[in-house]
There are 2 protein chains.
Amino acid sequence: MAETEAIDVDLEIIVQGAHGRSKPELRLWLRMLSTTKLISQEIRRRLRAEFGATLPQFDLMAQLYREKDGLRLGELSKRTMVTNGNVTGLVERLEADGYVQRVTPQGDRRVTVAKLTEAGVTLFAAMAAAHEGWLQDMMADIDPHAVAALWSEIGTVKASANNHLSGGAFE
Amino acid sequence: MAETEAIDVDLEIIVQGAHGRSKPELRLWLRMLSTTKLISQEIRRRLRAEFGATLPQFDLMAQLYREKDGLRLGELSKRTMVTNGNVTGLVERLEADGYVQRVTPQGDRRVTVAKLTEAGVTLFAAMAAAHEGWLQDMMADIDPHAVAALWSEIGTVKASANNHLSGGAFE
DNA sequence: TGCAAACCTTTGACATTTCAAATATCTGCT
DNA sequence: AGCAGATATTTGAAATGTCAAAGGTTTGCA
């Protein structure tokens, strides 16, 4: 089966292909992208298989887990990099499943606060433990020293990117 | 307002939050994920704004660009990490826009081969050039030496992850 | 020859994603 | 009081994503 191999080919030959040489920045990006995709697909698969949950749901519950008092949907959106419109449906489904509860506080009726239910807390605790294990497993072949170093260096990448966004560049 | 900062907080506090300390692997993963998301959102934004295209479309056209004779949909799927069912619709839309053409070869009528049209080649060439520039821009603050080093080290991460997948580990 | 197994693509049901526009609600200022 | 503008969330349309199942086609082997 060529199927199994295909996963190695992936995104890295997207652009550079035509003329072998390509800028280092592009190469780095393609590798980051494909690596991230590889790992998150694996996590997705396991979340689904073992807990019947999706990755966005996991992200969202993670935020609520650490804020026992719940979070407003807007806050949730920012912390999870999930857009506003998205949070609505996500929370709706989690509420339907009984893991999250929605409340509108008295002070401000525009606001909706989402909070984990007990079932939600229990489920998330189990998922978080498994999740951490999966990552250690997937990164088992890496020199522990390199893991820490990478963390720091990728911080540089993130800072640089953050510094050159087109978004609010209009002032 | 903590609001403005929020974009920096993002995914990295997802899981580790509850008990400040967390495994280095987890920290690395969260940072990779958030960085990748940040950059790809920026690329998405610019592709849309300047070319009216989406990232998956860009990926797909990139593959077809380097294979002037076209690719079967299954091949396309593997090379882009887009699932089979997905390629169908993606190609359909690109065909409707006149950038891609579908042909069924004589030898095997199960097969559909997708190929860039002339308009597709022209469009992609422009997008690829811009895309490369955006990346250099976003990574401008990084030490060029670090870019190359990172590329190599992330290769290690990818290899390790590839080595511990649950999926096709059955041979 | 003839049919089961393998192969390639499409379909279908859902969940998620993006963006933009619509809804509510609150706040500040006149 | 009363309305413009800021805030918070929801909605909607279109595209993408997953997975599983269904459709044709081709192949290999009895």
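Below, chain A is the first sequence line, B the second, and so on; all start at residue 1. Hydrogens, waters and symmetry mates are skipped; everything else that's a heavy atom, side chains included, is used.
- The residue from A:Tyr99, A:Phe124, A:Phe58 that alone fulfils the ring-ring contact (aromatic ring centres under 6.0 Å, His included) condition with A:Tyr65 is A:Phe124.
- In terms of heavy atoms, B:Met127 sits closest to B:Met61 at CE-SD, 3.9 Å.
- Taking atom CZ of residue B:Phe51 and atom P of nucleotide D:dA15, one finds them 19 Å apart after rounding to whole Å.
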Candidate pair B:Leu33 and B:Lys37, rule side-chain contact (heavy atoms from CB on, under 4.5 Å), full reasoning: CA-CA 6 Å; B:Leu33 191 56; B:Lys37 208 157 187 176; 5.5 Å; no
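- Side-chain proximity of B:Thr54 to the nucleotides C:dT9, D:dA15, D:dT9 is greatest for D:dA15.
- When distances run from any side-chain atom of B:Val111 to the nucleotides C:dC8, D:dT9, C:dT17, the shortest one goes to C:dC8.
- Scanning DNA chain C for stems, defined as runs of 3 or more consecutive Watson-Crick or G-U wobble pairs whose donor-acceptor distances all fall under 3.5 Å, gives the following ranges: C:1-30 with D:1-30.
- B:Arg79 has its CZ atom 16 Å from the C1' atom of C:dC8, to the nearest Å.
- Between B:Leu76 and B:Leu64, the closest side-chain pair of non-hydrogen atoms falls below 4.5 Å.
- Nucleic acid contact class of B:Leu90 (heavy atoms, under 4.0 Å, all strands): sugar-phosphate only.
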side-chain contact (heavy atoms from CB on, under 4.5 Å) assessment of A:Glu25 paired with B:Ile142: CA-CA 10 Å; A:Glu25 287 83 1; B:Ile142 312 169; over 6 Å; no
Steps toward side-chain contact (heavy atoms from CB on, under 4.5 Å) verdict (A:Arg27, A:Arg31): CA-CA 6 Å; A:Arg27 295 211 315 162; A:Arg31 180 159 280 188; over 6 Å; no
Candidate pair A:Val113 and A:Leu71, rule side-chain contact (heavy atoms from CB on, under 4.5 Å), full reasoning: CA-CA 5 Å; A:Val113 170; A:Leu71 285 169; 5.9 Å; no
So which protein N/O to nucleotides 18-23 of chain D N/O distances come out below 3.5 Å?
| residue | atom | partner | partner atom | Å |
| --- | --- | --- | --- | --- |
| D:dT18 | OP1 | A:Gln41 | NE2 | 2.9 |
| D:dT18 | OP2 | B:Thr83 | OG1 | 3.1 |

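- In this structure, A:Arg102 places its CZ atom where more than 12 heavy-atom neighbours from other residues, nucleotides or ligands lie under 6.0 Å away.
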Salt bridge (Lys or Arg N to Asp or Glu O under 4.0 Å) evaluation trace for B:Asp108 with B:Arg72: CA-CA 11 Å; B:Asp108 189 340; B:Arg72 313 184 341 176; 5.3 Å; no
Measure all distances between protein nitrogen or oxygen atoms and nitrogen or oxygen atoms of nucleotides 24-29 of chain C, and list the pairs falling under 3.5 Å.
| residue | atom | partner | partner atom | Å |
| --- | --- | --- | --- | --- |
| C:dC26 | OP1 | A:Arg109 | N | 2.9 |

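- Along DNA chain C, the nucleotide nearest to B:Gly89 and the one nearest to A:Pro56 differ in position, and the one closer to the 5' end is contacted by B:Gly89.
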